[in-house]
Structure formats: structure tokens, C-alpha cells
J.: 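Let me begin by handing over the structure; questions about it come next.
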Amino acid sequence: MSTAAPAGDWRRLDPRTVLVSALVVAGVVAGAAVPVTLGLTRWSSLPAAVLQMSAGAALVIGAAAGVDRVRWHRTRYRVGEERVDLHTGLLVVKRRSLARERIRTVDLTAHPLLRVLGLVTVRIGTGEQGGDSTLELDPVTRAEGERLRRLLLERASTVPPGVHREGELAVLDPRWIRYAPVSFVAPMLGGAAAGAVLQISDWVGAQGEVIAWVADRFRDTPLLWTIVTLVLAALIAGVVGAFGLWTEMWWNYRLEREPGGTLRVRRGLFTSRSISVEEARLRGVDLVEPLGVRLLGAARLDAITTGLAKDHEARDADHNTLLPVAPRERADSVAADVLRETATPTAAPLVRHPPAARGRRLRRSLAASVGPVLVLAVLGTLFTPVLLWIALGCAVVSVPLAVALALDAYRGLGHALSGRYLVTRSGTVRRSTAALERAGVIGWTVRQSVFQRRAGLLTVTATTAAGGGAYTVYDADAAEGLTFAAEAVPGLLEPFLERTAHPGR
């Protein structure tokens, strides 16, 4: 595919898409071949089962290749002066078009097979909700993908020249992998590994044997130690999986600032990903500190921006992450470089919230932990004393933990104004420090429950078209919270305050 053709010419996808589809389906068929063949031997001999499986595999692979050949033949795209057009479909031709001025993302992705063939999948999006906001070209050559990315994202630079460096802002430090096991991914992967063992053994008809083998290993072991051992085994499997997942996602990571004001994140060991963020659409950053990561003094940096893709696939791909979990000092440094600030607002001193906010967290956390204990105690009184002992054990563990989390959540509360940014921090299991550009605030929501009113507290939420759409200051002093909102965006909250002060007007 020539990259020298003038803009506006209709082009096709790379014809090797048929080969890609055939190889992918062949891999899936190969994975299912053994259990399917074994299943067929229940009704026929092994040679006959192999022959049937081979014929079925050839039919499935040929059908997939044929369907993709038709898709390739019926798909074409064009980049015009004002719009990007994509036509596809056999019986019903779909014609989709995006205005170039609305395009915000051009992301390149290539799984291992595409990388071997020098191909990429290009996703062109406006960052709006719905499938009609994204065009996907799957696949084109890498050179064509890079050409489309440069062509569709080039804008007149709107960032001040000479402020902070261009080029490389951050690059992978292999030592960051030490944070992988303390994420919430590790226990989830451990549970998934245990479930996979049972599922695969069920497919091959050996689930009973697997369960019997495990039970035989622990025949003379007390039940408690059996549970502890199995949980530890699952956690070890989860830790190994977390290391592998981190390596696949973040190997070759690089954050760069390109001429014209575009931030580009490139990463991936087997599946390569390239994500671009226009600085003109950047409204701030979010420093995210999950509990385990925070205990080790680390954090992740996300972009708060308008126009990032918000579909299901993008959300599953850490689409807005600028920096993986790294030491907190490094995350603050990268935040300053990204925002073109000499000092990052995410490290600004924060205003502490009143002690009444601490009391609210303690009461809610204790209620959440004591409730199940009381239910177990009642059931134990009515039915069996065993439940009373279980309730006692839960209380011994959950109540101190609830108090510790509530106090930590209170220590994490804070807000501040730092130059062009308003800063808000909250959370304990997942602590978030968001620095939002004050010019990006389009409205305020002020909430005050009956209990907050009695405690002299209120919750103030800044609404914006960027990021999550809302950034909240929880349980601030009532007067202090309103003053913060009024000073953050002068003129936006004053009419409300005047009507509150003079209700008769």
C-alpha cells in the first residue's frame, strides 16, 4: 500500500487481513482440537475422530478466511480535507464519516501476529459515547498507521513555546515491576487460576480426579491449614500472573511530547499500543494510589482530558494512564512535566477537613463492619453456637480494620488551590489526588444532608467535560467549601451564594 497517494483517495485495508484471520482461527481450533478429539472418541475410533476433527478445522478456517476476504473487498476508507470516511458491508453497506476537526484520538494497536507481519489496527475516535464515534481500520501497514496518526492529529500548536522540554518525558524503569504484586490484580488472578484449573479439568472430564487428588494431599491436614495452604497457593499463582501481566502491559513503555503539543504513550511487550493525547484537550492529572501501592510510596498518573475514547475497549486498556505505578516522587515529577508547571499541583499542601468528617467516616465504617457480626450473632443464638464463634472472630478482625481504614480515609481528605488548578484528594482503598484546571470547570454541585448540616459540613463537586466528569471535595467545612468553590472559578458560584444570603430577592 503506497503512502504517497494524495489525501482524499479511497484506500483498502491490507490484504494480509485474510491471512491474519485464518491464522487466528487456526490457533483457536488448535487449542480446542485435543478435547474435541477426545470427546469424539466416545462414538468412533481415534483415527476417525482425528479425521473428523481435521475436516471440521479446515472447514472453519476456510469459512473464516472467506468471510474476511469479503470484508476486505467491501471495505475502503478515505481521508479528505474535512472528513474521514469508511465504507464497509456486503448486503447492507455501512457508510460512516467523522469530521476531522472533531477527531481527538488516533491509536495504534498490534497483537503479536500483526507485529510479525508489520501491521497495526488503527482506531480513530472523537472521544464521544457510542460506537459511531470511532472508526476502526483493521489492519493497515505500520507506515500507513503512523501516516494517519500524524495527518489526523496535526493541529496548529496552542501550547506556549519553550516551556518544558519536548521529546522523552518518562521511560520504563524495570524496578517498577516490584509494585505489580501489591495491586488488587494479584488476588483476582489467583482466583481466576483456581477457576481455570477446575474448568479445564471439567472440559477433559477429569474434574473429579483433580478434586480427589487435592483432597488426598490434605487427608491428614486440619481444615484450617488446608484452607490457608490453598489460599496461599492461589495468591502465589496470582503474584506470578501479576508479574506477567505487568510485563506484557508496560514493557517498552515511553511517554513523549511531540512537536505541536501531543503527548504520546507507547507500551506493550507482545501487543504494542500507541495512545496519543492532545495537550490542548488536557485539563489536569489524577494521581492514583491504591492501598497496597501507597504503602510502598508509589502512585499511578492518569490524564484528565476531554476527547479520550470512552467505549468499552478503551476503558479496558488503561486508555488514560500516562505513567504506570512508580515512586511517588517520580509521579509528581512527570505530572509537572505533563502540565508544564515548575511544581506539580498534586504535591501542593492541602486544607485539612474538620474533625466532624472523621466522625462520619468512623460511624459508617463501623456500621459496615458490625452489621454482619450482629447478623451472625443472632443466627448463632437461634441455631448453633458455632456461628457465635465465627461472629467473634469476624469482630476481632473487622472492627480494628474498619477503624484503621476510616482514620486513613480522614487523613486523606483535603483540597487546595494551586495556581491554575484546583486540587482535591479523597479515598483510602483507592486514594485519588486530582488536579483539575480551573478553566475546565463548567459548574458546581453543592450537597448538604441533614447530618452534614448538623455537623457544619458540605460536599462540593466540580463538574467538567473532562475525565470522570466530576471531582468532589467531600465533607468540607461549610463556609470553607463554598469559599473554595467561589475562589476556584470566580463568578460561577456567586449568584447562588447571593440567592442563599438573600432568599427574598
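Each residue takes its place number in the sequence, starting with 1.
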J.: Set out, in order, the CA-CA distance, both residues' side-chain angles and the distance that settles side-chain contact (heavy atoms from CB on, under 4.5 Å) for L189 and V239, then state yes or no.
T.: CA-CA 8 Å; L189 290 177; V239 167; over 6 Å; no

J.: Do R178 side-chain atoms and R175 backbone N/O form a donor-acceptor pair below 3.5 Å?
T.: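 Indeed, once roles are kept as given, a pair shorter than 3.5 Å links the two residues.
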
J.: Between atom CZ of R71 and atom CG of L13, what is the distance when rounded to the nearest 0.5 Å?
T.: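 Output value for this atom pair is 5.5 Å.
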
J.: Look at the side chain of T321 and the backbone N and O of D302, then say whether any donor-acceptor pair between them is shorter than 3.5 Å.
T.: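 Looks like no, no N/O pair under 3.5 Å.
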
J.: If you measure from the Lys or Arg side-chain nitrogens to the Asp or Glu carboxylate oxygens, is any gap between E258 and R264 under 4.0 Å?
T.: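 A salt bridge links E258 with R264.
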
J.: Taking the side chain as every heavy atom from C-beta outward, state whether F270 and T247 have any pair of such atoms under 4.5 Å apart.
T.: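 Answer no - side chains too far apart.
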
J.: How close do A298 and V325 get, heavy atom to heavy atom, and via which atoms?
T.: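 Reported closest heavy-atom pair: CB-CG1, 3.7 Å.
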
J.: Answer yes if the side chains of R149 and S276 hold a donor-acceptor pair under 3.5 Å, and no otherwise.
T.: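 Yes, a side-chain donor-acceptor pair sits under 3.5 Å.
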
J.: Going from CG on L287 to OG1 on T344, what distance comes out if it is rounded to the nearest 0.5 angstrom?
T.: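 Nearest 0.5 Å value for the CG-OG1 distance: 7.5 Å.
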
J.: Hey, which of R294, R300, R328 is the one that makes salt bridge (Lys or Arg N to Asp or Glu O under 4.0 Å) with E289?
T.: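 Checked R294, R300, R328 against E289; only one passes salt bridge (Lys or Arg N to Asp or Glu O under 4.0 Å): R328.
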
J.: Show the numbers, then the answer: is there a side chain to side chain donor-acceptor pair (under 3.5 Å) between S274 and R266?
T.: CA-CA 5 Å; S274 171; R266 289 188 279 187; 5.6 Å; no

J.: Could you give the distance from CG (L301) to OG1 (T433), rounded to the nearest 0.5 Å?
T.: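 Rounded to the nearest 0.5 Å, the CG-OG1 separation comes to 10.5 Å.
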
J.: Does V423 reach the side chain of L417, with side-chain heavy atoms less than 4.5 Å apart?
T.: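 No, every pair of side-chain atoms sits at 4.5 Å or beyond.
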
J.: Can you tell me if R104 uses its side chain to pair, donor with acceptor, with the backbone of V277 under 3.5 Å?
T.: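 Checking the backbone N and O of V277 against the side chain of R104, no donor-acceptor pair under 3.5 Å is found.
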
J.: Using modelled atom types only, decide if a donor and an acceptor are shared between the side chain of R425 and the backbone of G412 within a distance under 3.5 Å.
T.: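 Yes; at least one donor-acceptor contact below 3.5 Å.
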
J.: Name the residue from V338, L436, D332 that meets the side chain to side chain contact (heavy atoms under 4.5 Å, CB included) definition with V285.
T.: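 Checked V338, L436, D332 against V285; only one passes side chain to side chain contact (heavy atoms under 4.5 Å, CB included): V338.
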
J.: How far apart are the closest heavy atoms of A331 and L323, and which atoms are they?
T.: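 That closest heavy-atom pairing would be CA-CD2, 3.6 Å.
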
J.: Between T305 and R281, is there a donor-acceptor pair closer than 3.5 Å when you use the side chain of the first and the backbone of the second?
T.: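 Yes: the side chain of T305 pairs with the backbone of R281.
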
J.: Please, which pairs that meet side-chain hydrogen bond (donor to acceptor under 3.5 Å, both in side chains) have at least one residue in residues 18-28, sequence neighbours excluded?
T.: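 side-chain hydrogen bond (donor to acceptor under 3.5 Å, both in side chains) check on residues 18-28 returns S21-D68.
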
J.: Below 4.5 Å, heavy atoms only, C-beta onward: do R267 and R254 meet side chain to side chain?
T.: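 Side-chain contact under 4.5 Å: no.
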
J.: If you apply the rule side-chain contact (heavy atoms from CB on, under 4.5 Å), what do you find for L413 with Y474, and how did you get there?
T.: CA-CA 7 Å; L413 286 178; Y474 294 98; 4.2 Å; yes

J.: Working to the nearest 0.5 angstrom, can you tell me the gap between L98 CG and R83 CZ?
T.: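 CZ of R83 is found 7.5 Å from CG of L98.
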
J.: Nearest 0.5 Å please: distance from the CD1 atom of I177 over to the CH2 atom of W246.
T.: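 Between I177 CD1 and W246 CH2, I get 5.0 Å after rounding to 0.5 Å.
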
J.: Main chain of P139, side chain of D14: is a donor-acceptor contact present, judged purely on distance under 3.5 Å?
T.: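 Such a contact is absent between D14 side chain and P139 backbone.
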
J.: side-chain contact (heavy atoms from CB on, under 4.5 Å) between R16 and L119: does it pass, once the steps are laid out?
T.: CA-CA 9 Å; R16 287 173 291 178; L119 304 174; 3.2 Å; yes

J.: What is the minimum heavy-atom distance between L108 and E146, and which atoms define it?
T.: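 Nearest pair, atom of L108 first, then E146: CD1-OE2, 3.6 Å.
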
J.: Contact between L137 and L148 at the side-chain level, heavy atoms closer than 4.5 Å - yes or no?
T.: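 Sidechains of L148 and L137: in contact.
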
J.: Counting neighbours of CH2 on W251 that are heavy atoms of other residues, nucleotides or ligands and sit closer than 6.0 Å, is the number greater than 12?
T.: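 No, the 6.0 Å shell around CH2 holds no more than 12 heavy atoms from other groups.
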
J.: Is there a salt bridge (Lys or Arg N to Asp or Glu O under 4.0 Å) between E437 and R340? Walk through the geometry before answering.
T.: CA-CA 12 Å; E437 196 173 38; R340 297 180 180 264; over 6 Å; no

J.: Should E81 and R100 be marked as a salt bridge (Lys or Arg N to Asp or Glu O under 4.0 Å) after you check the CA-CA gap, both sets of side-chain angles, and the distance that decides it?
T.: CA-CA 8 Å; E81 293 296 329; R100 288 184 59 173; 5.0 Å; no

J.: Between CH2 of W250 and OH of Y179, what distance do you get to the nearest 0.5 Å?
T.: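 Result: 15.0 Å between the selected atoms.
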
J.: Tell me, do Y77 and L135 make a side-chain contact under 4.5 Å, heavy atoms counted?
T.: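 Not in contact.
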
J.: Give a yes or no on whether a salt bridge exists between E144 and R11, defined as a side-chain N under 4.0 angstrom from a carboxylate O.
T.: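 Between R11 and E144 there is a salt bridge, with a charged N closer than 4.0 Å to a carboxylate O.
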
J.: Check the side chains of T88 and T75 for a donor-acceptor pair under 3.5 angstrom, ignoring hydrogens and angles.
T.: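 The criterion, which ignores hydrogens and geometry beyond distance, is satisfied for T88 and T75.
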
J.: For T461 and T472, what are the C-alpha separation, side-chain angles and deciding distance, and is it a side chain to side chain donor-acceptor pair (under 3.5 Å)?
T.: CA-CA 4 Å; T461 301; T472 302; 3.0 Å; yes

J.: Taking the side chain as C-beta and beyond, is there a heavy-atom pair between E248 and T271 under 4.5 Å?
T.: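 When only atoms from C-beta onward are counted, T271 and E248 do touch, with a gap below 4.5 Å.
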
J.: Give a yes or no on whether a salt bridge exists between R123 and E136, defined as a side-chain N under 4.0 angstrom from a carboxylate O.
T.: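 Here R123 pairs with E136 in a salt bridge, since their nearest N and O are under 4.0 Å apart.
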
J.: Identify the heavy atoms of W176 and V171 that sit nearest to each other, and give their distance.
T.: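 So the two residues come closest at CH2-O, 3.6 Å.
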
J.: Between D138 and T17, which heavy-atom pair has the shortest distance, and what is it?
T.: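 Looking at all heavy atoms of both residues, the closest pair is O-OG1, 3.9 Å.
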
J.: Test your reading of the model: is there a side-chain donor-acceptor pair from R69 to the backbone of A64, 3.5 Å cut-off?
T.: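 A pair under 3.5 Å: no.
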
J.: Between L23 and L113, is there a side-chain heavy-atom distance shorter than 4.5 Å?
T.: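 Of all side-chain heavy-atom pairs linking L23 with L113, at least one is under 4.5 Å.
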
J.: May I ask you to decide if I442's main-chain N or O and T463's side chain share a donor-acceptor pair within less than 3.5 Å?
T.: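 Between the backbone of I442 and the side chain of T463 there is no qualifying donor-acceptor contact (under 3.5 Å).
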
J.: Does the side chain of T105 reach to within under 4.5 Å of the side chain of I124, using non-hydrogen atoms?
T.: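 They are not in contact (no side-chain heavy atoms under 4.5 Å apart), so the answer is no.
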
J.: Tell me whether the NZ or CZ atom of R12 lies within the 45° cone about the ring axis of W72 and under 6.0 Å from its centre.
T.: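 Ring-cation test returns yes.
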
J.: Of all the heavy-atom pairs spanning R142 and S272, show the shortest one and how long it is.
T.: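 Smallest heavy-atom distance, with atoms named: NH2-OG, 3.3 Å.
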
J.: Salt bridge check: are D85 and R76 linked by an N-O gap of less than 4.0 Å?
T.: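 The answer is no: the pair does not qualify as a salt bridge.
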
J.: Between R420 and E341, does any side-chain N to carboxylate O distance fall below 4.0 Å?
T.: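 Yes.
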
J.: Working note: I304 + L282, criterion side-chain contact (heavy atoms from CB on, under 4.5 Å); need CA distance, chi angles, decisive distance, verdict.
T.: CA-CA 6 Å; I304 298 175; L282 191 68; 5.9 Å; no

